[in-house]
J.: 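Take a look at the following structure, please.
What you see below is based on every heavy atom in this structure, not just the backbone, and it leaves out hydrogens, waters and symmetry mates.
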Amino acid sequence: MAQRKMNTSFGLTVVLIMVIVGAIVQTYLPWYSMGIAFGIISFFIALPSRSAFLIGLLSGFVLWALAAVWMDSQFPSTLPFRMAQILPLGGSVVALYLVTGVFGGLTGALWSWAGSKLRGTH
């Protein structure tokens, strides 16, 4: 069975859709609702599993990293700096944003991959 090739503009459109839907869903539901939404989107769009993983990784990273930056800029606090000191990040708040993005990316990637596997697209 031949694997379908993804168009770059289609992939970026799906990333944008996932970021928007994930932001809306996370406004009203728990943190893991983003992953469930990503899985549902991957299921209905019938993304190939490899593309679904990469698109979910990018979407989750962008969503959580930008959310962390936005929250810190809207509500200034010393908490991000203190968290960066507790974690082995050398007090770097930017590194904390990146770590937050990585966790969001992994969550989105695994749920997107699961949605595509549930559909049966390889």
Side-chain angles (χ1 to χ4, degrees):
M1 182 185 289
Q3 187 171 0
R4 189 176 79 189
K5 289 287 184 184
M6 289 280 300
N7 187 353
T8 304
S9 62
F10 177 73
L12 291 176
T13 304
V14 174
V15 167
L16 183 63
I17 290 169
M18 285 185 171
V19 167
I20 291 170
V21 169
I24 292 169
V25 167
Q26 282 192 315
T27 302
Y28 302 105
L29 298 172
W31 66 271
Y32 53 84
S33 60
M34 173 205 67
I36 295 170
F38 285 9
I40 291 170
I41 291 169
S42 294
F43 178 82
F44 284 114
I45 294 180
L47 293 173
S49 58
R50 179 182 223 169
S51 297
F53 185 86
L54 294 174
I55 287 172
L57 182 71
L58 181 61
S59 300
F61 180 85
V62 167
L63 179 61
W64 279 23
L66 287 180
V69 170
W70 180 77
M71 282 189 227
D72 188 37
S73 68
Q74 293 297 312
F75 310 104
S77 170
T78 60
L79 183 62
F81 179 70
R82 291 187 299 184
M83 288 298 297
Q85 286 179 330
I86 291 172
L87 297 173
L89 301 174
S92 173
V93 177
V94 174
L96 183 65
Y97 296 153
L98 293 175
V99 169
T100 302
V102 167
F103 280 118
L106 289 175
T107 301
L110 293 174
W111 278 93
S112 293
W113 175 80
S116 73
K117 284 295 190 182
L118 190 64
R119 176 81 177 215
T121 54
H122 304 287

J.: Consider only side-chain heavy atoms of I, L, V, M, F, W and Y, link residues closer than 4.5 Å, and tell whether Phe44 and Val19 are in one cluster.
T.: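 Yes; Val19 is reachable from Phe44 via cluster members.
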J.: Indicate if Val14 and Ile24 have the same hydrophobic cluster label, given that clusters are the connected sets of ILVMFWY residues with side-chain heavy-atom separations under 4.5 angstrom.
T.: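 Looking at the clustering, Ile24 is in a separate group from Val14.
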J.: Among all residues two or more places apart in sequence or in another chain, which pass the side chain to side chain contact (heavy atoms under 4.5 Å, CB included) test with Leu16?
T.: Ile20
J.: Where do Met18 and Ser42 land on the side-chain contact (heavy atoms from CB on, under 4.5 Å) test, with the steps shown first?
T.: CA-CA 9 Å; Met18 285 185 171; Ser42 294; 3.4 Å; yes
J.: If Ile, Leu, Val, Met, Phe, Trp and Tyr residues are connected whenever their side-chain heavy atoms lie under 4.5 Å apart, and connections chain through other members, are Ile40 and Tyr32 in the same group?
T.: yes
J.: Using a 3.5 Å cut-off and no angle test, enumerate the donor-acceptor pairs between side-chain atoms of residues 88-109 and protein atoms at least two apart in sequence or in another chain.
T.:
| unit_1 | atom_1 | unit_2 | atom_2 | d |
| --- | --- | --- | --- | --- |
| Ser92 | OG | Ala95 | N | 3.2 |
| Tyr97 | OH | Asp72 | OD2 | 2.4 |
| Thr100 | OG1 | Leu96 | O | 2.8 |
| Thr107 | OG1 | Phe103 | O | 2.9 |

J.: Can you confirm whether Phe61 sits close enough to Leu57 that some side-chain heavy atom of one is under 4.5 Å from a side-chain heavy atom of the other?
T.: no
J.: Using every non-hydrogen atom in the two residues, find where Ser77 and Pro80 come nearest and quote the distance to one decimal.
T.: O-CD, 3.6 Å
J.: In terms of hydrophobic clusters joined by side-chain contacts under 4.5 Å, are Ile17 and Ile36 together?
T.: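 Yes, one cluster joins them.
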J.: Could I get the full list of side chain to side chain contact (heavy atoms under 4.5 Å, CB included) partners for Leu29, not counting sequence neighbours?
T.: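 Residues passing side chain to side chain contact (heavy atoms under 4.5 Å, CB included) with Leu29: Val25, Ser33.
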J.: Identify the residue among Ile55, Val62, Leu54 that makes a side-chain contact (heavy atoms from CB on, under 4.5 Å) with Leu58.
T.: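 Per the side-chain contact (heavy atoms from CB on, under 4.5 Å) rule, the option paired with Leu58 is Val62, out of Ile55, Val62, Leu54.
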J.: Looking only at heavy atoms, which two atoms of Ser112 and Ala52 are closest? And how far apart?
T.: CB-O, 3.2 Å
J.: Should we say atom CH2 of Trp113 is surrounded by more than 12 heavy atoms from elsewhere, each under 6.0 Å from it?
T.: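 Result for CH2/Trp113: open.
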J.: Give, for atom NZ of Lys117 and atom CZ of Phe53, the distance between the pair rounded to the nearest 0.5 Å.
T.: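 It is 12.0 Å, given to the nearest 0.5 Å.
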J.: Measuring from Ile41:CD1 to Ser59:OG, what's the distance to the nearest 0.5 Å?
T.: 8.0 Å
J.: Determine the minimum heavy-atom distance between Ala46 and Arg119, stating which atoms define it.
T.: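 Taking every non-hydrogen atom into account, CB-NE, 4.0 Å.
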J.: To the nearest 0.5 Å, what is the distance between CH2 (Trp111) and CG (Leu118)?
T.: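 One gets 10.5 Å once the value is rounded to the nearest 0.5 Å.
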J.: If you group Ile, Leu, Val, Met, Phe, Trp and Tyr by side-chain heavy-atom gaps below 4.5 Å, do Val21 and Leu12 land in one group?
T.: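 Different hydrophobic clusters.
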